[in-house]
Amino acid sequence: MLLPTDSERRRLVHVERAEALMGERGLDALVAAQPVNVYYFSSFWTLLQKMGYEWSSLAMHVRGRPERDALVVSASQIWRIANAEVEHPATIIACTGPQNWREVLEAETRGDAPVDLIGAPSTPWRIDADASLTTIERGWAAATRRTAGHEAPTSAHGMARALREAGLAQARIGTDDPRLGAALAAAGLPQLQVVCDPNLFRRLRVVKSAPELVLMRIAARNNADACIATARGIQAGMTAREIECEFSVQTAARGSERVFVAVGGTGSLPHGRIVRGKPFLMDAVSHYRQYHGDFGRTAVVGEADAETRR
């Protein structure tokens, strides 16, 4: 499926709907901690999420001032953002870690959290003075220079800085994580009003923006095509595992990623393998840039009997 380049580059957030819902609740900003909502506001899905790190990125959308939108990410991810493959918020804050871990451990022992933590300096790859850099590599180097001296010790401290810079230190914000209010207070914003309302984020996302619809169409088409291509290659004697592997190949060939394919139903194949003439279900799901396609069909290797056809 060929699409205009900018169709996939645009940020996903439905701005008009976000502004309306924030107005209903009297919110000055929305701060997302759940990965699906961070992605929605920033077009960024951190690799660290798959490694199990919580709050490896945070995103903020400011009511009426999109130029103040912000993304807080691990410094290790800055080079991905520098590639500018999609639109990200204007403000990017790199998070490294506290410079003095002893200070953090002592505060945890006391049962509180230090406000004035200093971020550890980022440690970029060394660049030889006489190195000949590509355009992309020069972009990486520039991104590293921009973060130097402005590192945040934690994600919460980074978001607190973004809120202060946007003039929202005493504002009323909405979030999708009940822990964020206490974390932002500990990071130096005790007067911030934080409303935790995950359903607000769901209400926002249920009406799709134009860029989302583009991704949903790609995801649906890729998934259906991959399922049909997989089905056409199935032979008698194949196992569910072999079919799963082929579906993975077919989705990857289309730029998507397999979530699952249920072959024969949730209990798998009744005979353990594909039997000629016996119908079986294929329920296939894959995603393209986090948007999912879902496609199912009944298939038969060989001729279907009269009951199956009926």
Side-chain angles (χ1 to χ4, degrees), residues 6 8-13 15 18 28-51 53-99 117-125 127 133 135-169 171 173 175-177 180 183-184 187-189 211 289-290:
D6 63 342
E8 290 190 66
R9 292 191 66 250
R10 292 161 55 197
R11 287 176 63 189
L12 304 170
V13 58
V15 176
D28 300 299
L30 291 174
V31 176
Q34 301 303 316
V36 65
N37 292 325
V38 172
Y39 180 62
Y40 180 74
F41 285 117
S42 69
S43 299
F44 182 78
W45 191 284
T46 176
L47 299 176
L48 298 179
Q49 173 60 27
K50 289 195 173 184
M51 298 169 66
Y53 289 98
E54 287 196 300
W55 292 9
S56 47
S57 58
L58 300 174
M60 175 174 70
H61 176 68
V62 180
R63 179 181 169 192
R65 293 187 294 156
E67 72 279 3
R68 286 294 189 176
D69 288 1
L71 173 63
V72 178
V73 295
S74 165
S76 67
Q77 303 287 286
I78 290 296
W79 284 9
R80 283 184 61 208
I81 295 172
N83 290 338
E85 295 173 346
V86 295
E87 287 184 313
H88 299 300
T91 299
I92 306 292
I93 296 177
C95 177
T96 52
Q99 191 170 52
L117 286 179
I118 298 174
S122 59
T123 53
W125 296 102
I127 301 175
L133 302 181
T135 301
I136 291 175
E137 289 171 330
R138 287 196 296 273
W140 293 347
T144 296
R145 288 193 297 270
R146 283 195 298 271
T147 64
H150 302 286
E151 300 89 350
T154 71
S155 298
H157 281 79
M159 183 52 67
R161 192 177 98 197
L163 285 159
R164 280 193 296 269
E165 291 177 353
L168 298 174
I173 70 167
T175 184
D176 56 355
D177 193 313
L180 195 61
L184 290 171
L189 297 181
R289 285 184 51 192
Q290 317 307 326

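Quick caveat, the model's predicted, so the values are computed rather than measured. Any value given below was found using the heavy atoms of this structure, including those in side chains, with hydrogens, waters and symmetry copies removed.
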Counting only N and O atoms by type, is there a donor-acceptor contact under 3.5 Å from the side chain of [X] to the main-chain atoms of [Y]?
X: Q77; Y: T46; result: no
X: D69; Y: P89; result: no
X: R68; Y: E165; result: yes
X: R146; Y: A141; result: no
X: T175; Y: A32; result: no

Side-chain touch [X]/[Y], heavy atoms, less than 4.5 angstrom:
X: D177; Y: W55; result: yes
X: L30; Y: I173; result: no
X: R11; Y: Y40; result: no
X: S56; Y: S74; result: no

Exercise for the section: Please report the C-alpha distance between I93 and H150 in whole Å, then the side-chain angles of each, then the deciding distance to 0.1 Å, and finally whether the side-chain contact (heavy atoms from CB on, under 4.5 Å) criterion is met. Expected result: CA-CA 8 Å; I93 296 177; H150 302 286; over 6 Å; no
Handout entry: CG (L133) with more than 12 external heavy atoms under 6.0 Å
Key =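 Result for CG/L133: enclosed.
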Practice task
Give me the ring orientation class for H88 and F44: parallel if the planes are under 30° apart, tilted from 30 to 60°, perpendicular past 60°.
Solution key: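 Perpendicular.
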Practice task
Compare every heavy atom of M159 with every heavy atom of M60, then report the nearest pair and how far apart it is.
Solution key: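 Looking at all heavy atoms of both residues, the closest pair is CB-SD, 3.8 Å.
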Problem - Which atom of G139 lies closest to which atom of A82, heavy atoms considered - result: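 Between these two residues, the closest heavy atoms are O-CB, 3.9 Å.
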Problem - T144 and W79: side chain donor to acceptor below 3.5 Å - result: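 Judged by distance alone, the side chains do pair up.
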Problem - Donor + acceptor pair across side chains of H157, T154 (<3.5 Å) - result: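 Distance-only check passes for H157 and T154.
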